[in-house]
S.K.: 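Can you read through this structure? Questions will come right after.
What you are looking at is a predicted structure, and each value in this text was computed from that prediction instead of being measured.
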Amino acid sequence: MPSQAKKITFDTAALFAAKVISLILSVIRLKFLAIYLGVGTFGIYTFAMYFVAMFGVLFDLGLAQIITRDIAVDRSGTQHFVFNALLLKLFLFIGTAIIILIATGLSHFDLETNMAVFFSIFITGTNSLTLVFTSAFQAHRRMKLVSAITIATDLTTSIAVIALLVLGYGLIGMLIGSAVASSIIFLVAFSICRRVCGGIRSNPDRRLISYLAREGYPVALSSIGITLYLYVTSAMLKYIEGNVVTGYYNAAFKIIIILTVVPTSFIPVVYPFFAELQRNEQGKLRAVLESSVRYMFIISIPLSVGTILVAKELIVTLYTPQFLPAVRPLQILIVSSLFGYANYVLYAFFPAVNRQKFNMYVTIPTGFAVAISNYLLIPRFGILVPSISLASVEVVLFTSAFFYLSKMNIKLKLSALFAKPLLACIPMAWIVYVLSPYSIFVRVAAAVFMYAVAFYLVKGFIAEDRIILENVLPPSLARILLKKV
């Protein structure tokens with residue numbers, strides 16, 4: 001277990017570093033998009049991306065998780081696996097593109113929106129193909145490669161987007177640049193895979209392709225539910241409220257997506273361990289799961305509280321004062337992250353242990369319920385409806401997973417997950433309030449320091465944290481933090 005914990009620590013650190021760099025680049029891109037596009041055109045841009053994302057399940061068919069899970073257990077067939085997964089995804093790319101273009105034609109969008117959707121299809125499809133390679137690297141525990149590709153993707157995209165916006169090429173020019181950047185990253189990942197995995201030359205295998213589709217469909221169907229409550233809302237806002245209101249909501253939602261840097265750094269690392277422990281060491285499976293969920297709450301609780309307190313300054317800093325109506329949606333949406341981080345772990349855990357059908361049974365009805373309620377309530381109550389519904393969804397998903405785990409004889413102690421992070425948030429919130437006259441950077445830095453000190457004082461660190469802290473922190477600091485554990 002110590003060696004596994006150490007591997008998780010180093011791999012998570014590598015991915016987290018990459019995600020932090022990507023976070024910084026995403027924030028810079030957001031600022032340029034807000035300045036050069038304005039609220040209305042920003043609404044068109046985000047709508048196009050989320051409209052295509054509604055069909056994202058058809059691009060991927062849940063294959064990423066299946067590829068990582070199966071290769072992690074037996075790496076000898078990597079070349080054959082990757083080749084057939086690419087073949088299947090290529091057909092999915094073509095078929096999905098046709099479906100989206102038909103839906104776009106039937107929707108009678110304006111020319112700019114149609115063009116934005118077209119390039120968004122290409123970008124999403126190309127990124128989906130690249131995901132085959134990164135899933136294989138993830139299974140081989142080559143997290144430095146995954147990190148490098150993550151950084152290269154965001155850096156290349158940022159350079160293209162910012163340069164083309166500054167040069168005056170507008171929305172469509174920026175999207176063309178993003179499409180070129182995604183193509184370059186695909187070719188780079190392809191080249192790396194040839195070296196790391198010994199090439200991808202193989203033969204089409206109908207049995208393997210059938211297996212991938214069969215194993216992936218529950219993940220894919222669960223993604224339909226996720227798509228309904230994440231992305232359909234954006235489409236509804238455009239139809240019901242117009243581009244400007246869509247821009248406000250998506251400005252807040254974009255921040256929530258960016259802040260998933262933590263769980264999206266952690267899940268690719270811990271997911272293969274779940275799969276391996278399920279096969280070989282089930283006794284340790286519960287301990288790894290509980291620790292993973294606990295770490296997510298340690299981060300998501302103060303992040304949610306802090307964002308609520310500095311939401312106004314955050315919107316103005318990342319965007320412009322034009323986007324101030326996005327403050328209230330952001331304050332509501334961030335509540336979804338409180339449980340959402342833990343849900344990333346839980347809903348990655350189930351497919352890793354061959355329980356992916358549970359995800360499907362929970363997310364599909366939840367997604368349809370949210371879509372219907374939003375359709376009925378947005379005309380009456382406006383932009384706050386989708387924000388409240390998304391926050392409610394994460395609570396429902398966490399509660400459902402909690403009870404299902406109990407049936408699997410895996411019982412999580414809620415008091416151990418919530419109590420100490422919540423206590424540590426009290427002085428953190430106080431310092432944020434006291435420093436309200438100062439800049440957001442000063443308040444955030446003070447909040448992070450105060451939370452860390454308070455968490456230590458309430459004895460938030462436990463024995464299971466020893467391996468993590470000893471590998472992440474300087475030895476002297478680790479000894480101080482652990483001396484009372």
S.K.: Kindly state whether the ring of F297 and the ring of F398 have centres lying under 6.0 angstrom apart.
M.R.: yes

S.K.: Where is the tightest heavy-atom contact between S26 and I258, given as atom of each residue plus distance?
M.R.: CB-CD1, 4.0 Å

S.K.: Quick check on the 6.0 Å ring-centre criterion: do Y341 and Y295 meet it?
M.R.: no

S.K.: Give a yes or no answer on whether the side chain of S210 reaches the backbone of R206 with a donor-acceptor pair at less than 3.5 Å.
M.R.: no

S.K.: Please give me the minimum heavy-atom distance between L289 and V345, naming the atom from each residue.
M.R.: CD1-CG1, 3.9 Å

S.K.: Kindly compute the distance separating OH (Y433) from CZ (R443), expressed to the nearest 0.5 Å.
M.R.: 10.5 Å

S.K.: Taking atom CD1 of I388 and atom CG of L333, what is their separation to the nearest 0.5 Å?
M.R.: 10.0 Å

S.K.: If you apply the rule side-chain contact (heavy atoms from CB on, under 4.5 Å), what do you find for V393 with S336, and how did you get there?
M.R.: CA-CA 8 Å; V393 162; S336 67; over 6 Å; no

S.K.: Any side-chain to backbone donor/acceptor pair from N84 onto I209? Under 3.5 Å, distance only.
M.R.: no

S.K.: Can you see which heavy atom on G306 is nearest to which on M428, and at what distance?
M.R.: N-CE, 3.9 Å

S.K.: Run the side-chain contact (heavy atoms from CB on, under 4.5 Å) check on F349 and S292 step by step: do they pass?
M.R.: CA-CA 10 Å; F349 172 78; S292 300; over 6 Å; no

S.K.: If we ignore angles and hydrogens, is there a donor and acceptor under 3.5 Å between the side chains of T46 and K254?
M.R.: no

S.K.: Counting N and O atoms only, with roles assigned by atom type, does the side chain of S389 sit under 3.5 Å from a partner on the main chain of P386, one being a donor and the other an acceptor?
M.R.: yes

S.K.: Can you find a pair of side-chain heavy atoms, one from R380 and one from L377, that are under 4.5 Å apart?
M.R.: no

S.K.: Look only at the side chain of S304 and the backbone of I334, and say whether a donor-acceptor pair between them is shorter than 3.5 Å.
M.R.: yes

S.K.: Supply the atom-to-atom distance T150 OG1 to L155 CG, rounded to the nearest 0.5 angstrom.
M.R.: 12.0 Å

S.K.: Is a side-chain donor or acceptor of K89 paired with a backbone partner of V132 at a separation under 3.5 angstrom?
M.R.: no

S.K.: Would F253 and L390 count as a side-chain contact (heavy atoms from CB on, under 4.5 Å) here? Give the steps.
M.R.: CA-CA 10 Å; F253 184 64; L390 183 56; 3.8 Å; yes

S.K.: Measure across V117 and V52 and return the closest heavy-atom pair with its distance rounded to 0.1 Å.
M.R.: O-CG2, 3.8 Å

S.K.: Got M450 and F455 here, is their nearest side-chain heavy-atom distance under 4.5 Å?
M.R.: no

S.K.: Tell me, do I98 and I102 make a side-chain contact under 4.5 Å, heavy atoms counted?
M.R.: yes

S.K.: Quick check for you: to the nearest 0.5 Å, what is the distance between T246 atom OG1 and I383 atom CD1?
M.R.: 8.0 Å

S.K.: Looking at D154 and L25, would you say the former's side chain and the latter's main chain have a donor-acceptor pair under 3.5 Å?
M.R.: no

S.K.: Take a 6.0 Å sphere around OH of Y375 and say whether it holds more than 12 heavy atoms from other residues, nucleotides or ligands.
M.R.: no

S.K.: To the nearest 0.5 Å, tell me how far I378 CD1 sits from Y249 OH.
M.R.: 8.5 Å

S.K.: How far apart are the C-alpha atoms of I256 and S337, what are their side-chain angles, what is the distance that settles it, and do they pass the side-chain contact (heavy atoms from CB on, under 4.5 Å) test?
M.R.: CA-CA 7 Å; I256 302 301; S337 295; 3.8 Å; yes

S.K.: Take atom CZ in F418; do more than 12 heavy atoms of anything else shown fall under 6.0 Å from it?
M.R.: yes

S.K.: Are side-chain heavy atoms of P421 and Y451 found at a separation under 4.5 Å?
M.R.: yes

S.K.: Can you check whether S120's main-chain N or O pairs, donor with acceptor, with T124's side chain at less than 3.5 Å?
M.R.: yes

S.K.: Say whether, by atom type as modelled, one donor and one acceptor occur between the side chain of S191 and the main chain of V188 under 3.5 angstrom.
M.R.: no

S.K.: For V385 and F381, which heavy atoms make the closest approach, and how far apart are they?
M.R.: CG2-CB, 3.5 Å

S.K.: Supply the atom-to-atom distance F133 CZ to F186 CZ, rounded to the nearest 0.5 angstrom.
M.R.: 4.5 Å

S.K.: So do the side chains of Y404 and M408 get within less than 4.5 Å of each other, counting heavy atoms only?
M.R.: yes

S.K.: Using a 3.5 Å distance criterion without hydrogens, assess whether the side chain of K420 forms a donor-acceptor pair with backbone atoms of K459.
M.R.: yes

S.K.: Could you tell me which non-hydrogen atom of Q331 sits nearest to which non-hydrogen atom of I308, and how far apart they are?
M.R.: NE2-O, 3.0 Å

S.K.: Looking at L338, is its backbone amide N or carbonyl O close enough to the side chain of S300 to form a donor-acceptor pair, meaning the two atoms are under 3.5 Å apart?
M.R.: yes

S.K.: F137 versus I192: any side-chain heavy-atom pair under 4.5 Å?
M.R.: yes

S.K.: Answer yes or no: are there more than 12 heavy-atom neighbours, outside F402 itself, under 6.0 Å from its atom CZ?
M.R.: yes

